[in-house]
Every structure is written in C-alpha cells, then in structure tokens.
Amino acid sequence: MTPTRQLLIAMAGIFCGAGLAGQEPESKRLLSAEISAALTETFAYQPPKPTQPADETEQAVLAQPERKNQIIRLPRVVVEGKRPPVFREQDIHTAKGLTEIAMKRYVGDAALALNTWRLPLIGRALEARALLEWREDERLRAMSEIQDEIRWDMMVGETDRSKELQEILRDTYFRPMQVPHAGKRNN
C-alpha cells in the first residue's frame with residue numbers, strides 16, 4: 001500500500017470517528033429514562049426478613065438429622081398383605097374382545113381390504129386365523145417364562161424345582177406328535 005493511500009485511510013477514519021462522537025449511542029432500553037427513574041423510585045429494594053429458627057419441639061418430631069442438601073428422608077415402610085392380581089388379556093376381555101384384539105394385531109390392512117364382504121356363517125376364517133395366531137403367541141410367551149424360571153432355578157441350585165418345571169413345560173405346552181399307525185384306531 002502506498003503512503004498516500006495509508007494517509008487517506010487514516011484521515012477517513014478520523015473524520016468518521018469525529019462524526020460518530022457527536023452522536024448519542026442508540027439505547028436498547030424499552031422504557032424512557034423518565035419512566036425508568038420513576039419506577040426505581042417507587043419500588044425500592046427491601047431485603048427479605050430473616051427466618052426465625054424452628055422450635056426444638058418441631059425438630060424433635062422429625063427425629064432425623066439435618067442434611068446438607070435439605071432432602072427429607074422418609075422412614076422405610078414394609079407393606080404386608082396380598083398383592084393385587086395381575087390380569088392377562090384373556091382374563092379381562094370377552095371372546096369377542098379377544099377376537100377384536102387378535103384382528104388388530106395379526107390381520108393386516110391388505111387382508112381386511114380383500115375380505116370386506118363375508119358370509120355370516122362361512123366367512124369367519126379370518127377371525128379364526130387371527131385367534132389361532134394369538135393363542136400360539138400366548139403359548140410361546142408362557143413357554144419362555146417357564147424356561148426363564150428353569151434357568152434361574154438351575155443357576156440358584158434348585159434342581160428339584162427345575163425338574164418339576166421341565167415336566168410341567170413338557171406335559172402342558174409341547175404338542176404331542178399324532179402319527180397315524182396302521183394298526184391303531186384314531187379316536
């Protein structure tokens with residue numbers, strides 16, 4: 001940069017600075033100076049009143065040591081009695097309600113669109129298929145719960161209980177194979 005150009009830039013800076021010095025900076029306040037002064041005169045700062053120390057009788061009732069973080073700790077309570085029952089879906093809903101639940105879960109929109117018109121006596125196949133899938137899911141869920149119990153009993157060392165649960169699982173939830181034999185009648 002040439003010295004002449006530097007001189008011109010410096011003089012421009014001086015003239016611009018002199019022009020801005022004569023102006024007052026814009027205030028970002030929402031209220032005028034008069035209103036602000038009137039408000040400060042009306043509302044004077046008053047420090048809060050000091051709190052009075054609590055009576056010793058109140059602290060004796062709590063019978064808990066004062067904590068630094070002021071969290072009140074309640075004593076542990078053991079509730080004895082019967083627990084409320086945990087209801088399954090089949091305990092709560094009627095047969096029609098279970099059918100509606102199964103239809104919502106296992107039948108897609110395409111199947112519903114394709115089966116809009118059904119005969120009253122013959123057209124129940126869609127509901128039957130949905131209920132069959134619902135029952136199968138319930139069977140698999142119950143089996144997995146019993147298998148979890150068996151695994152837990154094996155880890156804890158209760159082998160007798162785990163064997164009983166294995167027998168219950170096998171007898172109740174596994175489907176027996178039904179193979180027709182040539183010499184036997186099927187009942």
Side-chain angles (χ1 to χ4, degrees), residues 28 30 48 51-187:
K28 294 183 181 179
L30 297 175
T51 59
Q52 297 176 355
D55 294 339
E56 293 178 13
T57 56
E58 289 180 23
Q59 288 186 0
V61 170
L62 290 177
Q64 298 239 346
E66 184 85 17
R67 302 211 187 299
K68 291 180 184 178
N69 55 7
Q70 301 298 322
I71 295 176
I72 298 172
R73 309 256 186 228
L74 297 176
R76 297 202 180 269
V77 176
V78 177
V79 178
E80 296 178 4
K82 292 184 179 180
R83 290 183 176 219
V86 177
F87 294 109
R88 303 172 300 169
E89 285 182 333
Q90 55 263 35
D91 297 336
I92 298 171
H93 299 285
T94 61
K96 185 178 179 182
L98 285 176
T99 305
E100 289 175 3
I101 289 172
M103 289 290 287
K104 288 177 184 175
R105 279 191 200 158
Y106 302 108
V107 178
D109 294 334
L112 287 175
L114 291 174
N115 294 301
T116 53
W117 296 287
R118 287 178 258 167
L119 299 174
L121 297 176
I122 303 170
R124 306 285 301 172
L126 201 58
E127 287 90 356
R129 182 179 64 89
L131 275 174
L132 186 66
E133 288 183 27
W134 178 79
R135 285 189 190 110
E136 180 66 15
D137 278 352
E138 284 296 310
R139 184 181 74 85
L140 293 174
R141 185 192 53 76
M143 284 176 56
S144 70
E145 284 181 6
I146 293 175
Q147 286 173 348
D148 289 343
E149 286 288 324
I150 291 171
R151 281 189 213 108
W152 180 254
D153 288 341
M154 292 297 276
M155 282 192 296
V156 172
E158 294 188 23
T159 55
D160 296 335
R161 185 169 184 269
S162 67
K163 287 179 183 176
E164 289 175 11
L165 284 175
Q166 286 174 347
E167 290 175 13
I168 289 171
L169 182 67
R170 184 186 63 239
D171 294 341
T172 306
Y173 290 108
F174 285 113
R175 297 180 183 143
M177 293 201 44
Q178 294 180 354
V179 179
H181 295 286
K184 289 188 175 180
R185 271 186 23 197
N186 292 332
N187 293 339

For this session: Could you pull out the closest heavy-atom pair between Ala130 and Val107, with the gap in Å?
Result: CB-CG2, 3.8 Å
To the nearest 0.5 Å, tell me how far [X] [atom1] sits from [Y] [atom2].
{"X": "Ser144", "Y": "Leu169", "atom1": "OG", "atom2": "CG", "answer": "10.0 Å"}
{"X": "Glu136", "Y": "Leu131", "atom1": "CD", "atom2": "CG", "answer": "13.0 Å"}
{"X": "Gln166", "Y": "Ile168", "atom1": "CD", "atom2": "CD1", "answer": "10.5 Å"}
{"X": "Gln90", "Y": "Ile101", "atom1": "CD", "atom2": "CD1", "answer": "9.5 Å"}

Please tabulate, one pair per line, all N/O donor-acceptor pairs under 3.5 Å involving side-chain atoms of residues 151-160, not counting sequence neighbours.
from: Arg151; atom 1: NH1; to: Asp148; atom 2: OD1; distance (Å): 2.7
from: Asp153; atom 1: OD1; to: Arg161; atom 2: NH1; distance (Å): 3.1
from: Asp153; atom 1: OD2; to: Arg161; atom 2: NH1; distance (Å): 2.4

Problem set entry | Residue pair Ile71 / Arg73, side-chain heavy-atom distance below 4.5 Å | yes
For this session: Report yes if the side chains of Leu132 and Tyr106 come closer than 4.5 Å at any heavy-atom pair, otherwise no.
Result: no
Problem set entry | Residues which pass side-chain hydrogen bond (donor to acceptor under 3.5 Å, both in side chains) with Glu164, listed by chain and number, not counting sequence neighbours | none
Problem set entry | Residue list, side-chain hydrogen bond (donor to acceptor under 3.5 Å, both in side chains) with Glu138, at least two apart or on another chain | Arg141
Problem set entry | Basic-acidic side-chain contact under 4.0 Å: Lys163, Glu167 | no
For this session: Would you mind listing every salt bridge (Lys or Arg N to Asp or Glu O under 4.0 Å) that reaches into residues 94-105, with sequence neighbours excluded?
Result: Glu89-Arg105
